[in-house]
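Fair warning: this is a prediction, and the values are worked out from it, not measured in the lab.
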Amino acid sequence: MSAATMAILTATTKRYPAVSSGLILAPVQHLTGLPVTPLQSVSAELALQANIQDAHEVKKTYCFTNSQGALYDVREGDILVVSGVEYAIRSAAEFNRPGDGSYIRLLIQERKITT
């Protein structure tokens, strides 16, 4: 059983478009159908490595390679949407393991938006 089989949730990502006329526009959908692992708590040490002060508000998840064996285009600053909840991607660390399943570890923080 490979680690990728643990990616049982489906997420989408949003990405901010390039700045236009000095304006930062709203994020737009980037990826759909992104398989990720269930969200897990992070250690204080891991949060500090990503320059995040409060580990209690941070979760981690993993995404693996697509059907062509390439890592998904996910990066820091994107927004991960899981079960309708938006999370800011604070860290996207790639681990390349040729022949053994490369993956991206995402450290995410729930977005607190007031309308």
In this structure, would Phe64 and Phe95 fall into the same cluster of hydrophobic residues linked by side-chain contacts under 4.5 Å?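 Yes, it is one cluster - the side chains of Phe64 and Phe95 are joined through contacts under 4.5 Å.
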
Is it true that Leu9 and Leu80 fall in one hydrophobic cluster, defined by side-chain heavy atoms closer than 4.5 Å?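 Yes: a chain of side-chain contacts under 4.5 Å links Leu9 to Leu80.
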
Mind listing the closest non-hydrogen atom pair of [X] and [Y] along with its distance?
X: Asn96; Y: Ser102; result: CA-OG, 3.4 Å
X: Tyr16; Y: Pro27; result: CE2-CD, 3.4 Å
X: Cys63; Y: Leu106; result: SG-CD1, 4.4 Å
X: Pro17; Y: Ala26; result: CD-O, 3.3 Å

Once rounded to the nearest 0.5 Å, what's the spacing between atom [atom1] of [X] and atom [atom2] of [Y]?
X: Glu86; Y: Thr12; atom1: CD; atom2: OG1; answer: 8.0 Å
X: Leu39; Y: Ile108; atom1: CG; atom2: CD1; answer: 4.5 Å
X: Ile89; Y: Arg111; atom1: CD1; atom2: CZ; answer: 11.0 Å
X: Lys60; Y: Leu107; atom1: NZ; atom2: CG; answer: 8.0 Å

Is the shortest side-chain heavy-atom distance between Thr61 and Tyr87 below 4.5 Å?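 No - every pair of side-chain heavy atoms lies 4.5 Å or more apart.
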
Report yes if the side chains of Tyr62 and Gln40 come closer than 4.5 Å at any heavy-atom pair, otherwise no.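 The answer is yes; the side chains approach within 4.5 Å.
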
Only pairs under 3.5 Å count here: list side-chain donor-acceptor contacts from residues 69-76, not counting sequence neighbours, and write none if there are none.
from  : atom 1 : to    : atom 2 : distance (Å)
Asp73 : OD1    : Arg15 : NH2    : 3.4
Asp73 : OD2    : Arg15 : NH1    : 3.0
Asp73 : OD2    : His30 : NE2    : 3.1

